[in-house]
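Single-structure report; data block below.
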Amino acid sequence: MRIDVVSIFPEYLAPLELSLIGKARQDGLLELNVHDLRDFTTDRHRTVDDTPYGGGAGMVMKPEPWAQALAAVAAARPEAASAETEASEAAARPVLIVPSPAGERFTQATAHELAEEDRLVFACGRYEGIDERVMEWAAGHFTVRPMSLGDYVLNGGEVAVLAMVEAIGRLLPGVVGNPESLVEESHSDGLLEYPVYTKPSSWRDREVPAVLLSGNHGKIAQWRRHQQYRRTAERRPDLLTEFDAAKLPRADRTAFSDLGYDVVDGHLRRRPDAGAEQS
Ligand code: ADE
């Protein structure tokens, strides 16, 4: 995969040289290029912003530097491209991800979807955002996807890009050493992950749950599943409405019943009489 990031703060993306993503780049599993938007300006002051039409607070990013930067990036070819991949890339446009609190929600499912792409381009907006006409123009060259990390406002897209590139990059083949660890993690099955413990088994008068020391793999798997149900019901009950409960074994239905949920038409329904502690 090739990733390009355009930003007025290229140094902000330095952490992508570290840890698993840095290693993936060194190993040639991921090609990642960071570009300074100001390199695509033409005035002496390298201006990237101006006042908003219609008035209001803050500044808006000017369209032309963005068009110049994105056109240059779109024209670039991955280092590893062969004639064959060039032909298939001509068919598949790069995805342009524009981090914004006004975007669609970035989830684990989005990370999996984007990990299948050959080319991703991230456009980091600052100030009040990028002139909207850039999105219209870019739609002729890219599949444009404004993306939000969550319902809060960051100062710019860079932090969101760090998060998205890490979430996507770790799904690329070979990036995470043990692919098993991708299977049993939060959100991989629509539930939060179960709690984990390591040695010593007794620490500051706190014991590791006995079942984990039992060596009974069936019991351990069931305990972990039920812990996932409990955690998700307590912390993210919104996830349970989407959970496919049609094929749950009896013991799991009982576990959900103890948490105040019944299975109705294959879906979990919170019992109206269930305690108020998990609203
Ligand atoms: N830029 C500013 N806020 C953001 C958010 N919540 N998600 C993605 N990009 C952003």
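Whatever order the structure lists them in is the order used to number ligands and atoms, beginning at 1. As the structure is a prediction and not an experimental result, all values here were calculated from the model.
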Legend entry - Charged N-O contact under 4.0 Å between Arg2 and Asp4: yes
Inset, instruction - Say whether, by atom type as modelled, one donor and one acceptor occur between the side chain of Arg38 and the main chain of Ile8 under 3.5 angstrom. - result: no
Show the short N or O contacts, below 3.5 Å, that ligand 1 makes with protein N or O atoms; if there are none, say 'none'.
| from | atom 1 | to | atom 2 | distance (Å) |
| --- | --- | --- | --- | --- |
| ligand 1 | 3 (N) | Leu154 | N | 3.0 |
| ligand 1 | 6 (N) | Gly150 | O | 3.2 |
| ligand 1 | 6 (N) | Tyr152 | O | 2.7 |
| ligand 1 | 7 (N) | Leu149 | N | 2.9 |
| ligand 1 | 9 (N) | Ser100 | N | 3.1 |

Legend entry - Listed partners of Pro146 passing side-chain contact (heavy atoms from CB on, under 4.5 Å), at least two apart: Val144
Legend entry - Worked check of salt bridge (charged side-chain N to carboxylate O under 4.0 Å, His left out) between Arg126 and Asp49: CA-CA 9 Å; Arg126 283 262 148 185; Asp49 61 331; over 6 Å; no
Legend entry - Result of checking Asp50, Val134, Ile130 against Pro63 for side-chain contact (heavy atoms from CB on, under 4.5 Å): Val134
Legend entry - Non-hydrogen side-chain atoms of Arg145 and Glu104 separated by less than 4.5 Å: yes
